[in-house]
Participant: 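Have a look at this one before I ask anything.
Keep in mind that this is a model prediction, so the values were computed, not measured.
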Amino acid sequence: MEKKSNKGVIVLIVLLILCIIGLVSYILVDKNIIKLNNTTVENEQVEENNTSEDDNGIEINVDNENINALFNNAHHLSIGIETQIYRDGGYKVSDMTTDEKFTLLASQWYNELNTHIDYIGQTNDQITELNEETLKNLYERTFGPNTYERPTQITDGLCATFTYDEAYQGYIERNGAGCGGTSAFGASEKIISATKYSDRIEIVSATVYLDGMSNQMYKDYNKTTSLGELLINENTTNNNEERENTYNQYIEDNKDNLEQYTYTYMLNEDGFYYLTSVERTKE
């Protein structure tokens with residue numbers, strides 16, 4: 001009786017292990033994440049697969065945290081509409097100067113700035129600092145390993161310029177006045193698909209252009225094709241969530257008739273994806 005009981009326990013344990021393996025496999029396939037870099041959500045690491053070059057790819061949920069981070073990191077800081085994408089139709093990293101790459105990174109390093117008051121005698125200096133190690137990590141997470149070279153200065157593309165300080169071992173701006181402003185012309189952009197191929201990830205978005213001065217939506221940056229009046233009265237609401245949800249739904253319903261952009265991240269030999277281009281792929 002004891003031997004039969006032991007066999008029953010073993011069978012039960014084996015079945016339990018198989019169930020756990022099946023559940024884990026289902027979760028990984030559903031999220032389309034095989035290996036995740038634990039140090040950041042800005043990049044996704046996956047095992048190489050054996051799919052052919054003409055594979056159709058694997059669809060990734062557009063709400064995936066990593067996909068949204070990759071998408072956001074490909075945008076510049078801007079007051080109003082971002083010209084590098086919407087006016088120029090996108091960019092290729094291979095064509096960018098080093099200064100332009102650091103400017104693109106401002107959307108990431110802006111949140112890493114540390115500001116304090118430095119009291120020296122009768123002078124009170126406002127110092128804004130950016131640690132070089134932070135900058136280096138952001139640069140190589142975006143453009144690839146061993147690509148960072150220390151610049152003398154970096155700019156956010158708006159009004160702030162930071163200079164390398166040997167004593168601080170990082171970048172500082174003294175007495176930065178800051179800048180701001182608003183623009184009546186902007187763009188609402190939504191991810192409509194994300195696909196992981198054997199050698200790359202492609203994130204596709206659709207965009208509608210919004211002009212508060214004319215109270216019109218447009219299909220293009222040059223405002224040649226009107227799509228009707230704005231869906232939100234900008235004079236009566238400052239509810240950003242309502243605005244975002246409204247235009248996201250409009251884009252989802254009309255994506256086939258809107259401009260589309262493809263954000264491409266290529267798979268590197270280290271198993272991570274790095275930004276290579278943003279391109280307008282549908283007029």
Participant: Between Lys136 and Glu132, is the salt bridge (charged side-chain N to carboxylate O under 4.0 Å, His left out) condition met? List the steps.
Facilitator: CA-CA 6 Å; Lys136 178 177 183 289; Glu132 183 182 24; over 6 Å; no

Participant: Using salt bridge (charged side-chain N to carboxylate O under 4.0 Å, His left out) as the criterion, list what pairs up with Asp211, not counting sequence neighbours.
Facilitator: Lys223

Participant: What pairs with Lys255 under salt bridge (charged side-chain N to carboxylate O under 4.0 Å, His left out), at least two apart in sequence or on another chain?
Facilitator: Glu252

Participant: Applying side chain to side chain contact (heavy atoms under 4.5 Å, CB included), name anything that partners Glu202, two or more places apart in sequence or on another chain.
Facilitator: Tyr197, Arg200, Thr262, Thr264

Participant: Under the ring-ring contact (aromatic ring centres under 6.0 Å, His included) test, which residues partner Tyr91, sequence neighbours left out?
Facilitator: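 Partners of Tyr91 by the ring-ring contact (aromatic ring centres under 6.0 Å, His included) criterion, ordered by chain and then number, come out as His76.
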
Participant: For Tyr168, what residues pass the side chain to side chain contact (heavy atoms under 4.5 Å, CB included) criterion, not counting sequence neighbours?
Facilitator: Glu129, Asn131, Asp165, Ile172

Participant: Looking at residues at least two apart in the chain, or sitting in another chain, which of them share a side chain to side chain contact (heavy atoms under 4.5 Å, CB included) with Ala106?
Facilitator: Leu77, Trp109, Asp156

Participant: When rounded to the nearest 0.5 angstrom, what distance separates CG in Leu105 from OG1 in Thr134?
Facilitator: 12.0 Å

Participant: When you check the side-chain N and O atoms of Gln216 and Ser226, is any donor under 3.5 Å from an acceptor?
Facilitator: yes

Participant: Tell me, please, which residues at least two apart from Thr97 pass side chain to side chain contact (heavy atoms under 4.5 Å, CB included).
Facilitator: Asp99, Glu100

Participant: Could you list the residues that satisfy salt bridge (charged side-chain N to carboxylate O under 4.0 Å, His left out) with Glu259, not counting sequence neighbours?
Facilitator: Arg280

Participant: Could I get the full list of ring-ring contact (aromatic ring centres under 6.0 Å, His included) partners for Tyr263, not counting sequence neighbours?
Facilitator: Phe71, His75

Participant: Among residues at least two apart in sequence or on other chains, which ones pass salt bridge (charged side-chain N to carboxylate O under 4.0 Å, His left out) with Lys92?
Facilitator: none

Participant: What residues, two or more places apart in sequence or in another chain, satisfy ring-ring contact (aromatic ring centres under 6.0 Å, His included) together with Tyr221?
Facilitator: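 Tyr221 satisfies ring-ring contact (aromatic ring centres under 6.0 Å, His included) with Phe185 once adjacent residues are dropped.
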
Participant: Among residues at least two apart in sequence or on other chains, which ones pass ring-ring contact (aromatic ring centres under 6.0 Å, His included) with Tyr110?
Facilitator: none

Participant: Looking only at non-hydrogen atoms, find the nearest pair between Ala206 and Ile251 and report the distance.
Facilitator: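 Nearest pair, atom of Ala206 first, then Ile251: CB-CG2, 3.5 Å.
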
Participant: Under a 3.5 Å cutoff, is there a donor and acceptor pairing between the side chains of Asp253 and Gln249?
Facilitator: yes

